[in-house]
> 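The structure's right below; bear with me while I get my questions together.
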Amino acid sequence: AGIENTIFAVRPVITSSGEFNANGHDYVDLDIKMGDGKKLYFATMNVGETSPAGFGSKVYRWGATVEDGEYWAPDSYTGESGWPAGMKLDAAHDIATLTWGEKWHIPSPEEWNLLVAKCDYERKEANESGYGVGGYFFYSKSDHSKFIFLPLAPWDGELEYWTSEI
């Protein structure tokens with residue numbers, strides 16, 4: 001089975017500052033600066049969820065515009081030789097942008113890598129996370145009171161989140 005049959009959760013990001021709420025969705029300043037000097041902010045919860053611990057009530061195929069919808073591929077994709085390297089979502093197929101507004105997007109690989117490189121993180125099991133589910137906490141290196149929690153996928157206990165490129 002290829003990527004077209006894979007479903008993951010979506011944790012949106014935003015690269016503009018504000019009141020730590022954009023279009024009704026909260027985000028956290030983890031003190032992450034991108035190469036262009038903009039700050040990167042991660043949402044406090046996944047698309048379609050109502051708490052930071054939510055994972056799985058809404059999952060998406062890559063580029064799908066509705067939950068569990070058909071995957072998306074650009075017109076140039078023929079399906080014969082696999083997905084082309086470096087394929088990127090456009091705004092019309094980014095479920096974070098479509099559901100949360102134009103300021104939000106699915107993180108790029110660079111943005112996910114910055115989260116890991118610029119934050120302290122630790123895995124906690126369900127009985128120790130405080131949320132009742134296992135997951136990873138990512139903390140600002142300068143202030144551990146600023147953090148996000150990424151819950152693990154309930155079907156295999158792994159981090160399974162989309163990136164805007166495949």
Side-chain angles (χ1 to χ4, degrees), residues 3 6-56 58-65 72 74 83-125 128-131 133-153 157-166:
I3 196 85
T6 304
I7 53 174
F8 290 150
V10 174
R11 177 62 59 105
V13 295
I14 192 169
T15 56
S16 61
S17 61
E19 299 294 317
F20 299 101
N21 181 293
N23 297 345
H25 302 284
D26 295 334
Y27 57 93
V28 179
D29 181 359
L30 297 170
D31 301 317
I32 301 172
K33 282 199 177 172
M34 299 178 54
D36 61 6
K38 290 182 183 176
K39 289 191 88 173
L40 177 66
Y41 304 95
F42 276 80
T44 58
M45 61 188 69
N46 294 338
V47 168
E49 303 296 345
T50 58
S51 82
F55 187 111
K58 296 279 184 180
V59 288
Y60 301 88
R61 286 185 169 84
W62 192 78
T65 58
W72 168 79
W83 292 80
M87 200 161 93
K88 298 178 185 179
L89 284 177
D90 59 17
H93 294 92
D94 185 320
I95 195 67
T97 304
L98 292 171
T99 58
W100 285 21
E102 66 182 34
K103 291 183 178 181
W104 293 99
H105 64 273
I106 294 174
S108 68
E110 175 192 8
E111 291 165 336
W112 280 117
N113 289 338
L114 283 169
L115 177 70
V116 173
K118 301 290 185 178
C119 291
D120 294 329
Y121 58 92
E122 65 180 328
R123 180 180 173 142
K124 292 199 174 186
E125 299 307 319
E128 59 188 2
S129 73
Y131 289 109
V133 297
Y136 280 85
F137 285 86
F138 287 83
Y139 304 95
S140 164
K141 287 189 178 198
S142 65
D143 181 356
H144 274 211
S145 71
K146 298 188 301 186
F147 67 90
I148 61 167
F149 176 72
L150 294 177
L152 302 174
E158 299 294 329
L159 280 180
E160 295 185 352
Y161 290 85
W162 280 123
T163 178
S164 62
E165 298 176 29
I166 57 172

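In this chain, numbering begins with 1 at the start of the sequence shown.
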> Heavy atoms, side chains only, cut-off 4.5 Å: are Leu150 and Phe138 in contact?
yes

> Sequence neighbours excluded, which residues qualify as side chain to side chain donor-acceptor pair (under 3.5 Å) partners of Glu122?
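Per chain and number, Glu122 pairs via side chain to side chain donor-acceptor pair (under 3.5 Å) with Tyr139.
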
> Under the 3.5 angstrom rule, does the side chain of Asp94 hit a backbone N or O of Asp90 as a donor-acceptor pair?
no

> Sequence neighbours excluded, which residues qualify as ring-ring contact (aromatic ring centres under 6.0 Å, His included) partners of Tyr161?
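Testing Tyr161 for ring-ring contact (aromatic ring centres under 6.0 Å, His included), a comparison that skips the adjacent residues, returns Phe55, Trp112.
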
> Which pair of heavy atoms, one from Asn46 and one from Pro151, lies closest together, and at what distance?
ND2-CG, 4.2 Å

> Could you list all the salt bridge (charged side-chain N to carboxylate O under 4.0 Å, His left out) pairs where at least one residue sits in residues 135-153, not counting sequence neighbours?
Asp31-Lys146

> Could you report the tightest heavy-atom contact between Leu152 and Gly157, atom names first, then the distance?
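Nearest heavy atoms, Leu152 then Gly157: CD1-O, 3.5 Å.
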
> Can you give me the closest heavy-atom contact between Ala96 and Ile106, atom names plus distance?
CB-N, 3.8 Å

> Mark yes or no for whether Trp100, through its side chain, and His25, through its backbone, hold a donor-acceptor pair below 3.5 Å.
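Not confirmed, Trp100 side chain does not pair with His25 backbone.
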
> Is a donor on one side and an acceptor on the other found under 3.5 Å between the side chain of Ser140 and the backbone of His144?
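No, because the side chain of Ser140 does not come within donor-acceptor range (under 3.5 Å) of the backbone of His144.
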
> Kindly compute the distance separating CG (Leu98) from NE2 (His93), expressed to the nearest 0.5 Å.
8.5 Å

> Show the nearest heavy-atom pair for residues Ser108 and Ser164, with the distance to one decimal.
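So the two residues come closest at CA-OG, 3.2 Å.
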
> Using every non-hydrogen atom in the two residues, find where Thr97 and Trp104 come nearest and quote the distance to one decimal.
OG1-O, 2.6 Å

> Is there a side-chain contact between Leu40 and Leu115 (heavy atoms, below 4.5 Å)?
no

> Kindly indicate whether the side chain of Phe147, heavy atoms from C-beta on, has any atom under 4.5 Å from the side chain of Val28.
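Side-chain contact under 4.5 Å: no.
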
> Would you please test Lys118 and Leu30 for side chain to side chain contact (heavy atoms under 4.5 Å, CB included) and show each step?
CA-CA 8 Å; Lys118 301 290 185 178; Leu30 297 170; over 6 Å; no

> I'd like to check the ring-ring contact (aromatic ring centres under 6.0 Å, His included) partners of Phe149; sequence neighbours left out, ordered by chain and number.
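ring-ring contact (aromatic ring centres under 6.0 Å, His included) check on Phe149 returns Tyr131, Phe137.
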
> To the nearest 0.5 angstrom, please state how far the NZ atom of Lys88 sits from the CD atom of Glu165.
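Here the interatomic distance stands at 4.5 Å.
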
> Taking all non-hydrogen atoms of both residues, which atom of Cys119 and which atom of Ile32 are closest, and how far apart?
SG-CD1, 3.8 Å

> Enter the distance from Tyr121:OH to Ile148:CD1 here, rounded to the nearest 0.5 Å.
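Here the interatomic distance stands at 13.0 Å.
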
> Evaluate the side-chain proximity of Leu114 to Met34: yes if any heavy-atom separation is below 4.5 Å, no if none is.
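Yes, side chains in contact.
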
> Among residues at least two apart in sequence or on other chains, which ones pass side chain to side chain donor-acceptor pair (under 3.5 Å) with Glu125?
Arg123

> Would you please name every residue forming a side-chain contact (heavy atoms from CB on, under 4.5 Å) with Glu102, sequence neighbours left out?
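Result, side-chain contact (heavy atoms from CB on, under 4.5 Å) vs Glu102: none returned.
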
